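Data first, discussion second: the structure below is written as structure tokens.
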Amino acid sequence: MREHHRSTRLFGSLLLVAAAGLSSVAAVPSGQEAATTPAPTPLGQVIPAPASAVPGGSAYEINSKTRIRVDDSRDARQIGSYLAGVLRPSTGYALNVTDDEGRDGIRLRLASKDKSLGDEGYRLESKSGSVTITARKAAGLFYGVQTLRQHLPAAAEKKTKQAGPWLIAGGTIEDKPRYEYRGAMLDVSRHFFSVDKVKRYIDQMSLYKVNKLHLHLSDDQGWRIAIDSWPKLAEYGGSTQVGGGKGGYYTKAQYKEIIAYASARQLEVIPEIDMPGHTNAALASYAELNCNGVAPPLYTGTEVGFSSLCVKKDVTYDFVDDVIRELAAMTPGKYIHIGGDEAHSTSHEDYVAFMNKVQPVVAKYGKTAIGWHQLTGATPAKGALAQYWGYDATSAAEREQVANAAKNGTKLVLSPADRAYMDMKYNKDTPLGLAWAGYVEVRRSYDWDPGTYLTGAPADSIQGVEAPLWSETIWESRHIEYMAFPRLPGIAELGWSPASTHDWDKYKVRLAAQGPRWDAMGMDYYKSPQVPWPSK
Ligand code: TNX
């Protein structure tokens with residue numbers, strides 16, 4: 001059994017912790033800074049590590065005449081404008097986006113026939129007159145743009161005009177992901193996060209080619225999405241949060257706004273309605289959902305495992321049908337997450353019966369179900385994904401249950417809590433977060449292989465990885481940032497980069513180079529002593 005650490009509701013300056021962690025490794029020997037133009041970032045020194053990078057030839061320089069040449073397609077234009085939007089403030093250049101063909105400038109090209117790139121891959125060729133990104137689909141172009149961005153100096157990320165030069169090292173990168181599922185989860189139930197805060201996190205995760213945003217939309221402490229047929233879920237069930245604050249919920253229009261923002265950054269939103277446990281907010285909103293017909297009070301603590309939908313009542317399935325129908329109708333993505341974790345107040349028999357009835361509802365509305373790995377203790381539907389969140393202390397029997405499901409065809413998303421949980425403290429002094437799975441320093445979070453992690457699970461059952469961020473102890477953007485950075489880029493790299501690139505000593509150098517970028521973006525992050533951050 002887990003225990004949540006509730007004692008320290010912390011909130012002193014995060015900087016205190018950070019200051020202790022600064023490394024003394026300097027990028028440039030002192031006294032030489034001004035002497036020469038800094039060399040551009042070596043080709044391929046980005047996160048996630050590209051599948052292949054062959055440096056060579058002269059660098060490309062963005063200057064006042066640079067144009068962004070895009071194919072005549074909506075996707076290419078949209079991504080071209082996005083890139084211009086990132087670089088105009090810092091470079092001060094016009095960076096006109098044009099579909100005039102030409103051999104110079106930054107070129108974004110869709111080549112649908114180039115099968116070697118896959119659905120998400122891209123090629124980036126940089127030389128003296130041009131940098132060309134070629135991809136089969138919008139996703140690849142967008143990822144190529146992220147790669148391009150990380151080759152520029154950190155100052156390119158600032159919102160005010162900076163001194164160049166804006167060089168991209170010469171050579172060719174060919175890149176595509178190891179896994180198709182590269183997720184991040186935000187728990188908007190324990191604490192509610194406004195649309196703007198969600199967008200800010202979306203921008204940050206998209207730097208690292210994350211392609212799934214899992215939103216944990218309901219839990220004991222709050223229901224966060226408007227459902228027209230059951231309006232009290234959001235209006236009442238969403239009216240508070242951990243600690244007793246006012247909570248909130250997304251209207252359908254706001255939820256769609258999040259989806260559009262995510263989708264422009266190649267992220268698929270995966271909504272989660274956690275069932276049959278973690279449902280106090282729903283049970284408090286509608287008395288009829290309770291077996292005894294009595295609505296419990298709203299809940300603002302952090303215990304888990306005390307609530308359950310009433311598996312025996314028909315109204316429960318009317319409720320589930322309505323919620324999934326409305327959710328599916330506003331969700332363009334493939335998946336709906338039905339939770340299924342920690343249903344400690346539901347008997348095993350009821351749990352299995354419930355999952356057998358609910359999974360077909362997801363299918364009926366054209367979606368594929370994802371459940372936390374407890375779903376493998378029931379009968380996972382064909383095509384369903386199970387999300388593994390065990391850790392070192394998880395019993396062999398439980399692991400085996402998941403591995404056996406994988407052998408029988410259930411695909412897995414890996415979120416080992418003592419590696420991938422962004423809400424675990426880095427160490428005993430971390431002012432935010434929980435520690436039930438132990439402390440998770442940056443190296444520990446990165447240093448594992450999804451392909452071999454779960455003994456007995458076939459390598460091809462692994463669909464990818466996800467970094468969940470539970471929010472019992474966090475409610476501000478700076479809290480998200482401090483917990484997710486620098487760990488999220490590591491999980492993103494495990495999801496994207498070939499296993500052959502996995503090497504902590506090399507990774508930590510690329511990671512250190514992200515620090516100044518996060519500074520330039522005004523982000524908070526944990527200055528782990530394991531990372532050789534450049535001195536200022
Ligand atoms: C476990 S992970 C939970 C959540 C908590 C989290 C805190 C999972 C499926 N359930 O309810 O928020 O631990 O780390």
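First listed ligand is number 1; within each ligand, the first listed atom is number 1. Computed from a predicted model, the values in this text were never measured in an experiment.
- Donor-acceptor pairing under 3.5 Å is recorded for the side chains of Glu272 and His216.
- Met424 counts as a contact of ligand 1, since one of its heavy atoms falls under 4.0 Å from the ligand.
- Side chains of Trp518 and Asp524: no donor on one and acceptor on the other come within 3.5 Å.
- Ligand 1 has a nitrogen or oxygen under 3.5 angstrom from a nitrogen or oxygen of Asp341.
- The closest approach between a heavy atom of Gln374 and any atom of ligand 1 is not below 4.0 Å.
- Considering backbone and side-chain N/O of Trp436, one or more are found under 3.5 Å from N/O of ligand 1.
- Taking a 6.0 Å sphere around CG of Asp314, one finds it holds 12 or fewer heavy atoms contributed by other residues, nucleotides or ligands.
- Taking any N or O of Asp187, backbone or side chain, none lies under 3.5 Å from an N or O belonging to ligand 1.
- At least one N or O atom of Arg190 sits closer than 3.5 Å to an N or O atom of ligand 1.
- Applying salt bridge (Lys or Arg N to Asp or Glu O under 4.0 Å) to Glu120 and the options Arg178, Arg182, Lys209 leaves one that passes, Arg182.
- On a distance-only criterion, Trp470 and ligand 1 share no N/O pair closer than 3.5 Å.
- A donor-acceptor pair shorter than 3.5 Å can be found between the side chains of Asn427 and Tyr526.
- Applying the 4.0 Å criterion to heavy atoms of Asp423 picks out, from ligand 1, the atoms 7 (C), 14 (O).
- Between the side chains of Asp519 and Tyr525, at least one donor N or O lies within less than 3.5 Å of an accepting N or O.
- Of the charged side-chain nitrogens involved, at least one lies within less than 4.0 Å of a carboxylate oxygen, so that Asp187 and Arg190 count as a salt-bridged pair.
- Which parts of ligand 1 touch Leu434 is read off a 4.0 Å heavy-atom cut-off, strictly below it: atoms 7 (C), 14 (O).
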